[in-house]
Trainee: 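Dropping the structure in here first, questions after.
Just so we're clear, the structure is a prediction, and the values are computed from it rather than from any experiment. Side-chain atoms are counted along with the backbone in the values below, which use heavy atoms only and exclude waters and symmetry mates.
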Amino acid sequence: MKTQTSDILRHLKQGRRLTQKEAINEYGAYRLASIIYSLRKKGYNIESQDVDVPTRYKKLDGSPKTASIVEYKLNN
């Protein structure tokens, strides 16, 4: 049976990284952290890495403000 979890696992098995925004856009998965948690409980070695990304907002000096997001990848 095809599920969000199976789609996300396939995505990670392909060696691709995944963020919450990508999970929403590609799989309609609004609770990626929960899916990652259940995959880890099943024994998958999934690494999470904090990544700073620019936002649409600017600091006083004109440089972009950043937000920290989490990116997941499967370790073999």
Side-chain angles (χ1 to χ4, degrees):
M1 173 185 247
K2 186 175 176 173
T3 64
Q4 288 176 338
T5 301
S6 66
D7 285 344
I8 287 169
L9 181 57
R10 182 177 31 81
H11 180 106
L12 295 171
K13 282 184 172 181
Q14 292 171 347
R16 298 163 57 199
R17 296 172 183 264
L18 189 64
T19 65
Q20 177 65 62
K21 183 178 179 183
E22 292 166 333
I24 292 169
N25 292 340
E26 294 183 35
Y27 307 111
Y30 284 84
R31 299 198 58 222
L32 178 59
S34 175
I35 292 170
I36 296 298
Y37 177 81
S38 69
L39 289 171
R40 285 175 173 157
K41 296 261 303 180
K42 291 179 181 178
Y44 291 99
N45 183 9
I46 300 172
E47 177 183 318
S48 52
Q49 178 179 352
D50 292 332
V51 178
D52 288 331
V53 295
T55 68
R56 69 179 91 180
Y57 302 103
K58 305 282 184 200
K59 296 179 185 176
L60 292 176
D61 66 4
S63 63
K65 287 186 176 183
T66 60
S68 183
I69 64 168
V70 177
E71 189 175 70
Y72 298 97
K73 76 172 193 168
L74 180 64
N75 290 324
N76 295 331

Trainee: Taking the side chain as every heavy atom from C-beta outward, state whether Leu18 and Tyr27 have any pair of such atoms under 4.5 Å apart.
Mentor: yes
Trainee: Is the closest side-chain heavy-atom distance between Lys13 and Tyr44 below 4.5 Å?
Mentor: yes
Trainee: Is the closest side-chain heavy-atom distance between Ile8 and Leu32 below 4.5 Å?
Mentor: yes
Trainee: Tell me, yes or no, whether the heavy-atom count around Arg40 atom CZ, taken from other residues, nucleotides or ligands under 6.0 Å, exceeds 12.
Mentor: yes
Trainee: Do Val70 and Leu39 belong to the same hydrophobic cluster, where Ile, Leu, Val, Met, Phe, Trp and Tyr are linked whenever their side-chain heavy atoms lie under 4.5 Å apart, directly or via other members?
Mentor: yes
Trainee: Considering only heavy atoms from C-beta outward, does the side chain of Ile46 approach that of Lys73 to under 4.5 Å?
Mentor: no
Trainee: Under a single-linkage rule joining Ile, Leu, Val, Met, Phe, Trp and Tyr whose side-chain heavy atoms are separated by less than 4.5 Å, which residues share a cluster with Ile69?
Mentor: Val51, Val53
Trainee: Any chance you could measure Ile35, atom CD1, to Gln20, atom CD, to the nearest 0.5 Å?
Mentor: 8.5 Å
Trainee: Do any pairs count as a salt bridge (Lys or Arg N to Asp or Glu O under 4.0 Å) and have a residue in residues 55-71, sequence neighbours left out, and if so which ones?
Mentor: Arg17-Glu71
Trainee: Drop me the distance from Asp7's CG to Leu12's CG, to the nearest 0.5 angstrom.
Mentor: 11.0 Å
Trainee: Considering only NZ, NE, NH1 and NH2 on the basic side and carboxylate oxygens on the acidic side, decide whether Lys21 and Glu26 come within less than 4.0 Å.
Mentor: no
Trainee: Partners of Ser34 by side-chain hydrogen bond (donor to acceptor under 3.5 Å, both in side chains), sequence neighbours excluded?
Mentor: none
Trainee: If you round to the nearest 0.5 Å, how far is CZ of Arg31 from OG1 of Thr5?
Mentor: 11.0 Å
